[in-house]
Amino acid sequence: MSKEIKRDLPILSLKIVMALTDLTARQIRYYEEKKLISYHRSEGNQRMFSLNDIDELLIIKEMIDSGENIKDIQAYRQKKTSSYQNTTFKTVSDEEARDIFRNEMMRYLEIGNNPLD
DNA sequence: CTTCTTACA
DNA sequence: TGTAAGTA
């Protein structure tokens, strides 16, 4: 049996996520509305989050705090999702994965979305 | 008590 | 984004 934690399992309540990310319920729901994050519901239409969701929320929070447009982040995620099929995977740690994701996000936001163009 | 949606400031 | 209102 694996001792690995299933980080993609939605088991966290909004309250916990708020405490873990320092985001308000309003912000989290807003990000969801803008499709900045994928979401899952459970009994009673309650939002449930996974550990991976926490990571993405933290990243998005940084993006927004650093003044990025909702639209750019949204565009990035759509592109990301649609190009997953023929991707070569290699084993990386969660920390590496988060780092890679953040860099990709940063790079994407810097290229082709420059207001000065 | 916690969360949800809708709507207004 | 915050918050009030009426629910589930």
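Proteins come first, then strands; the chains are lettered A, B, ... in the order of their sequence lines, and each starts at number 1. Excluded from the calculations below are hydrogen atoms, water molecules and symmetry mates; all remaining heavy atoms, backbone and side chain alike, are included.
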Give a yes or no on whether the backbone of A:M48 and the side-chain of A:S42 come within a donor-acceptor separation of less than 3.5 Å.
no
Within the distance-only criterion (no hydrogens, no angle test), does the side chain of A:N103 pair as donor or acceptor with the backbone N or O of A:D99 below 3.5 angstrom?
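It does hold such a pair.
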CG (A:N69) and CG (A:L109) are apart, to the nearest 0.5 Å, by 8.5 Å
When rounded to the nearest 0.5 angstrom, what is the spacing between CE in A:M106 and CD in A:E62?
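A:M106 CE to A:E62 CD: 6.5 Å, rounded to 0.5 Å.
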Joint cluster assignment, A:L9 & A:I54, ILVMFWY side-chain distance < 4.5 Å
yes
Should stems be defined as at least three consecutive Watson-Crick or G-U pairs with both distances under 3.5 angstrom, which of them involve DNA chain C?
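If one scans DNA chain C for consecutive Watson-Crick or G-U pairs, the stems found are B:4-9 with C:1-6.
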Closest heavy-atom pair, A:K34 versus A:Q74, reported as atoms and distance to 0.1 Å, is O-NE2, 2.7 Å
When the distance from CE of A:M18 to P of C:dT1 is rounded to whole Å, what number comes out?
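After rounding, the gap between these two atoms is 13 Å.
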What is the separation between atom CD1 on A:I28 and atom P on B:dT3, rounded to the nearest whole Å?
9 Å
Check whether any side-chain heavy atom of A:F101 sits under 4.5 Å from a side-chain heavy atom of A:D55, and report yes or no.
no
Using the rule given for salt bridge (Lys or Arg N to Asp or Glu O under 4.0 Å), can you reason through A:K61 versus A:D65, listing the C-alpha separation, both sets of side-chain angles and the distance that settles it, and then say yes or no?
CA-CA 6 Å; A:K61 172 181 164 62; A:D65 285 343; 3.6 Å; yes
Phosphate-side-chain proximity, A:T24 and C:dG2, N/O vs OP1/OP2 below 4.0 Å
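Indeed, a polar side-chain atom of A:T24 lies that close.
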Nucleotide-resolved protein contact map, nucleotides 4-9 of chain B, B/S/- at heavy-atom distance under 4.0 Å:
BB----
